[in-house]
Amino acid sequence: MRVVILGSGRGSNAEAILKAQKENRLGRAEVVQIFADRPDAGLLELGARFGVPAHFLDPAPYKSKLDGAAEQAYIAAITACRPDLVVLAGFMRVLKMPFIAAFERRIINLHPSLLPSFPGLDGIGQAFRRGVKVTGCTVHYVTLEVDGGPIIDQAAVRIEETDTLESLTAKVHAAEHHLLPTVIARLSERWTPGE
Ligand code: GAR
């Protein structure tokens with residue numbers, strides 16, 4: 001199962017996926033390409049470390065979405081990788097048609113809250129400020145509804161009295177680093193070529 005990772009930031013989740021692959025914990029999945037929408041994304045350094053091609057794809061001119069020529073360039077570059085699964089690992093742009101249609105039911109997203117609670121930006125901060133006692137992370141299929149597609153799996157994280165935003169952030173990230181590779185491995189076991 002050919003996997004393309006899209007991200008915008010540090011890439012700690014992409015790193016967790018690549019580590020799982022190296023340790024044979026990614027089932028039949030193989031990461032074939034990493035793309036970032038920022039030239040300074042830490043994510044891009046993972047390519048050399050793990051022997052996977054990693055490239056910046058220019059998303060200009062918009063800040064929080066992909067549109068027009070940039071969207072077409074993303075679709076073309078990803079299509080050329082012949083992906084069976086497109087993994088959004090901290091990709092901070094809203095996707096819409098025709099991107100979603102191009103990879104229908106093959107795009108999954110990681111979100112740092114227990115959806116449907118706290119969609120959108122800063123899922124960890126939203127949960128912390130609201131004072132909930134349990135939050136976590138979600139992997140779901142990407143549809144037109146932002147953070148609203150079918151949920152594949154979730155992991156819960158307890159918020160203790162002593163937690164700060166920093167300690168909670170670390171706990172949610174640790175949960176993500178376990179959940180996302182596990183979901184990809186499980187999807188790969190169910191995947192049939194040509195699907
Ligand atoms: C992760 O916490 C992920 O859940 C979040 O961005 C972070 C990326 O970290 N994604 C979203 O908020 C999407 N709306 P990373 O670059 O270290 O993997």
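We count ligands from 1, going down the list as the structure has it; atoms in each ligand are counted the same way.
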- Quick one: look up the protein heavy atom nearest atom 9 (O) of ligand 1 and list residue, atom name and how far away it is. Asn13 ND2, 3.7 Å

- Which residue holds the protein heavy atom closest to atom 10 (N) of ligand 1, what is that atom called, and what is the gap in Å? Leu110 O, 3.6 Å

- Is a donor on one side and an acceptor on the other found under 3.5 Å between the side chain of Thr138 and the backbone of Leu115? yes

- Do any N or O atoms from the side chain of Asp153 and from the backbone of Val183 form a donor-acceptor pair under 3.5 angstrom? no

- Message: Salt bridge check, Arg106 against Asp84: does any charged N sit closer than 4.0 Å to a carboxylate O?
- Response: no

- Gly9-ligand 1 polar pair, N/O distance under 3.5 Å: no

- Message: If you take the nearest heavy atom of each of Arg10, Met92, Glu176, which one is closest to atom 4 (O) of ligand 1?
- Response: Glu176

- Task: Decide whether Ile5 and Val52 are clustered together by the hydrophobic rule: side chain heavy atoms of Ile, Leu, Val, Met, Phe, Trp, Tyr closer than 4.5 Å, transitively.
- Result: yes

- For atom 14 (N) of ligand 1, grab the closest protein heavy atom and report residue, atom and distance to one decimal in Å. His111 ND1, 3.7 Å

- Message: Which residue and atom name correspond to the protein heavy atom nearest atom 16 (O) of ligand 1, and how close is it?
- Response: Gly11 N, 2.8 Å

- Query: Judging by distance only, is a nitrogen or oxygen of His173 under 3.5 angstrom from one on ligand 1?
  - Reply: yes

- Item | OG1-NE2 distance between Thr169 and His173, expressed to the nearest 0.5 angstrom | 6.0 Å

- Note on the structure: One finds that the ligand 1 atoms under 4.0 Å from a non-hydrogen atom of Ser12 are 15 (P), 16 (O), 17 (O), 18 (O)

- Query: Are any of the side-chain nitrogens in Arg158 or Asp163 under 4.0 Å away from the carboxylate oxygens of its partner?
  - Reply: no

- Message: Tell me if a side-chain donor or acceptor on Arg28 pairs with a main-chain N or O of Trp191 at a distance below 3.5 Å.
- Response: yes

- Sub-3.5 Å donor-acceptor pair from the side chain of Thr135 to the main-chain atoms of Val157, do we have one? no

- Message: Can you report which non-hydrogen protein atom sits closest to atom 12 (O) of ligand 1, along with the distance?
- Response: Pro112 CD, 3.4 Å

- Hey, is ligand 1 close enough to Asp147 that some N/O pair sits below 3.5 Å? no

- Could you list which atoms of ligand 1 come closer than 4.0 Å to a heavy atom of Gly90? 6 (O), 8 (C), 10 (N)

